[in-house]
Amino acid sequence: MTARFYVTTPIYYVNDVPHLGTAYTTIAADALCRAHQLFGYETRFLTGTDEHGLKLATAAQERGETPQTFVDHMSAPFRAAWSELGIAHNDFIRTTEERHKKFVTTLWAKVEERGDLYEAAYEDWYCVGCESFKTEKELEDGHCPTHKKPVQKLKETTFFFRLAKYQEELLALYTERPEFIQPSTRRNEVVSFVSGGLRDLSVSRTSFSWGIPVPGHDRHVMYVWFDALANYLSALGGEDGELGRFWAPNAKVVHLVGKDILRFHAVYWPSFLLAAGYSREQLPTTIFAHGFLTIDGQKMSKSLRNAVDPVRLAREVGRDALRWYLLRSVAFGQDGDFSHEALLTRRDADLGKNIGNLLSRTLGLCTKFFENKTPAHHGNTALEDDLDVAATKEVVAAEKAWRELDPTRALEATAALGQLANQYVDRAAPWATAKQGDMPRTATILATLLSILERISVLMMPVTPALAIEVRAQLGLAPLTPIVGTNLWPHAAPHRPAGEALMPRGPLVPVLDEVARQALLERLMPARTEAPVTTEIPTTEPAPLPSDLPSQVPSPSAAANAKVVEQAAAPITYDDFAKIDLRVGLVLTAERVVKKDKLLKLTVDVGEDAPRSIVAGLALSFKPEDLVNRRVVVVANLVPRDFGKGLISHGMLLASGPSDALKLATVPSELAPGAKLK
Ligand code: ME8
């Protein structure tokens, strides 16, 4: 039987614009879906917008629009944002669509027919922000604890759903199927809530009309959560459509939600389904509640949320980099903090340096020694045997993590694979074997690295699909297309035949130097602190093209523009200048020098057969890892300088500034190591 995977996000309220929180859930669902595709699952991914209820009716009224015009206007930016963030959903449902209304009406009728709805007078507190009733106990000074706004007293005759009746069955479900609510800490919260007793739930309203009419009782509209939760089924096309194939038990059904709405999904939703006649096996497989993001340590207030626009961020720092950071840096299931600095640091460390450098180093050496073609593998040594074992462990760990809905762990394993390969290059030292003339050994090392990079390209696919394609393109490989029924996860690492073309074309993710990084942060940060509380409604007009946005090239800051007056040196002739051999260098490794606080020992590729060892007084300004893969300007014909204890420097780097804040002279990445500066 074909394994099927159906993943959903919450359908988002359209009184807000897409923000980092909703982007986070949607990106995670997208990644889970893509991973399951690689494992051979037939997948379906649903997202959409929640468009009924008092909250939206009020928002529309405030804008002087009809509710329908308002929600039409407000739903569109969600589709646009998800497309910018690389979200590949199969369906986008809106609760105002006919297909949805039709399904919910049938669902209601089923529940009513089975006797779980009754009419009764009702009086209780209601928070419009939550679209939920509150008990006296839950209130803080008459205010909703979540929205900090006063609650309203609602007094109506409404339909009630017999929720209390399902208490025992729900508890049995949680015990019998521990995977139903994840992570387990959240499960315990729900168990204790349900164990405390359930009250029947008011599920219709007569005080406003913006909702799906209760069949046979047109004065009532359905409670927005009864309406909204049903989207997961209505989008499958009702009983005649995908319902059978993509619903439990024929599919692994995962509802991904934030912890704020777990109770609705883990208590109300299964109860509604059971009441409508679905069996326990026909309940979703898992409700996974992830944690909440803060921004720079602050709660995501509306102004902050709007300030950190995920679409703008994706354009500025790269869509895949944003996706990678969100899933790698915030332990999935726990609360976490978003920070611009951490985003750039993570991007540079994992994608720029770890994986990106591995790719450019490997391809650079293949270009240099094997005419840009895949070299032949001549057999493993113990180094390769060890690497294979360790690498396979990470590949297996990543698959297990994806299957267990843990993207953070999966990305940890993906990054670990890169680190293993980087350590291997340093140990195997292909530049040294080449210098010794041992080309078969050099070929084996590079072939091994190419096979690890191919594995990495597959592991990257769920979260960084565009970068994965780019890695593969540079390796001379076509994009990998998932095949239903076939697990394409790279458990084995076969070596490619020798002589296949490689296509290096520059850094995977350029690592920013300090000036560019600060300039980018300055561009991103003002919005963080001075965000206006926007009351503007986003339009459905096309988003500005990247060329309309500030360019990626940092504008020189005021400090950088200020002139520094230094004593001019005595004039020299052109011939004097021509004696200086200035070359582009690529820093391959950097390390501290024991007992020399100011010095770093670098190996720098200056286009010769072997990299040079250069000792530089940069340790007060740079961490060694910040220098790796940087292009620098090297004075290549200085007489070697002896620092003692065998430490000899074969060149000098050009830099400027005080010794604890030096800035390196840099050159564009298109210039190859060894290129002369004149
Ligand atoms: O609740 N951190 O819609 P909603 C992480 N329409 N995720 C966050 C977040 C944050 N700070 N803020 C929001 C609704 N989210 C209902 C859902 S489903 C049948 C109906 C994400 O627009 C998270 O997924 O208020 C949260 O559960 C969801 O947005 C709430 O979206």
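Not measured: the values here are computed from a predicted model. Counting convention: from 1, in listed order, for ligands and their atoms alike.
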Which of the numbered atoms in ligand 1 are below 4.0 angstrom from a heavy atom of His19? 12 (N), 13 (C)

Within 45° of the ring axis of Tyr126 and under 6.0 Å from its six-membered ring centre, is that where the NZ or CZ of Lys134 lies? no

Give the numbers and elements of all ligand 1 atoms closer than 4.0 Å to a heavy atom of Asn231. 19 (C)

Ligand 1 to Leu293, heavy atom cutoff 4.0 Å, flagged ligand atoms 2 (N), 5 (C), 10 (C), 11 (N)

Once you round to the nearest 0.5 Å, how far does NE2 of His89 lie from CZ of Phe45? 7.5 Å

With a 4.0 Å cut-off on heavy atoms, does His290 reach ligand 1? yes

Relative to Phe39, does Arg403 satisfy both conditions: NZ or CZ under 6.0 angstrom from the six-membered ring centre, and within 45 degrees of the ring's axis? yes

Ligand-residue contact atoms, ligand 1 with Asp50, heavy atoms, under 4.0 Å: 6 (N), 16 (C), 20 (C)

Does the ring of Phe193 carry Arg263 above it, NZ/CZ under 6.0 angstrom from centre and within 45° of its axis? yes

Quick check on the 6.0 Å ring-centre criterion: do Tyr232 and His265 meet it? yes

Contact atoms of ligand 1, heavy-atom distance to Asp260 under 4.0 Å: 26 (C), 27 (O), 30 (C)

Has ligand 1 got any nitrogen or oxygen that is less than 3.5 angstrom from a nitrogen or oxygen of Tyr13? yes

Examine ligand 1 and decide if any of its atoms is less than 4.0 Å from a heavy atom belonging to Ile261. yes

N/O separation below 3.5 Å, Gly258 to ligand 1: yes

Between Tyr6 and Arg44, is there a cation-pi geometry (under 6.0 Å to ring centre, at most 45° from the normal)? no

Atoms of ligand 1 under 4.0 Å from any heavy atom of Tyr232, numbered from 1 in the order shown, are 18 (S), 19 (C)

For salt bridge (Lys or Arg N to Asp or Glu O under 4.0 Å), just list the numbers for Glu113 and Lys110, CA-CA rounded to whole Å, side-chain angles, deciding distance to a tenth of an Å, and then say yes or no. CA-CA 5 Å; Glu113 208 177 284; Lys110 279 188 189 166; over 6 Å; no

Heavy-atom gap Phe264 to ligand 1 smaller than 4.0 Å: no

For His265, atoms of ligand 1 separated by under 4.0 Å from a heavy atom: 18 (S), 19 (C)

Does Glu131 have a non-hydrogen atom less than 4.0 Å from ligand 1? no

For the aromatic rings, using the six-membered ring if either is Trp, is the centroid distance between Phe133 and Tyr122 under 6.0 Å? yes

Looking at ligand 1, would Gly291 count as a contact under a 4.0 Å heavy-atom criterion? yes

Candidate list Phe226, Trp210, Tyr223, Phe70, test ring pair (Phe, Tyr, Trp, His ring centres under 6.0 Å), partner His52, passing option: Trp210

For ligand 1, which is the ligand I care about here, please tell me if Thr25 has any N or O atom under 3.5 Å from one of the ligand's N or O atoms. yes

Measuring from non-hydrogen atoms of Lys299 to any atom of ligand 1, is the shortest distance under 4.0 Å? no

Which ligand 1 atoms are under 4.0 Å away from a heavy-atom of Thr22? 29 (O)

Could you tell me if the side chain of Asp350 sits less than 4.5 Å from the side chain of Trp324, heavy atoms only? yes

Would Glu97 and Lys101 count as a salt bridge (Lys or Arg N to Asp or Glu O under 4.0 Å) if you check the C-alpha gap in whole Å, the side-chain angles of each, and the deciding distance to 0.1 Å? CA-CA 6 Å; Glu97 286 175 66; Lys101 292 194 233 171; over 6 Å; no

Within the structure, is a non-hydrogen atom of Trp269 found at a distance of less than 4.0 Å from ligand 1? no

Does Ile11 reach ligand 1 with a nitrogen or oxygen that is under 3.5 Å from one of the ligand's nitrogen or oxygen atoms? yes

Looking only at the side chains, is there a donor atom on one of Glu51 and Thr49 sitting less than 3.5 Å from an acceptor on the other? yes

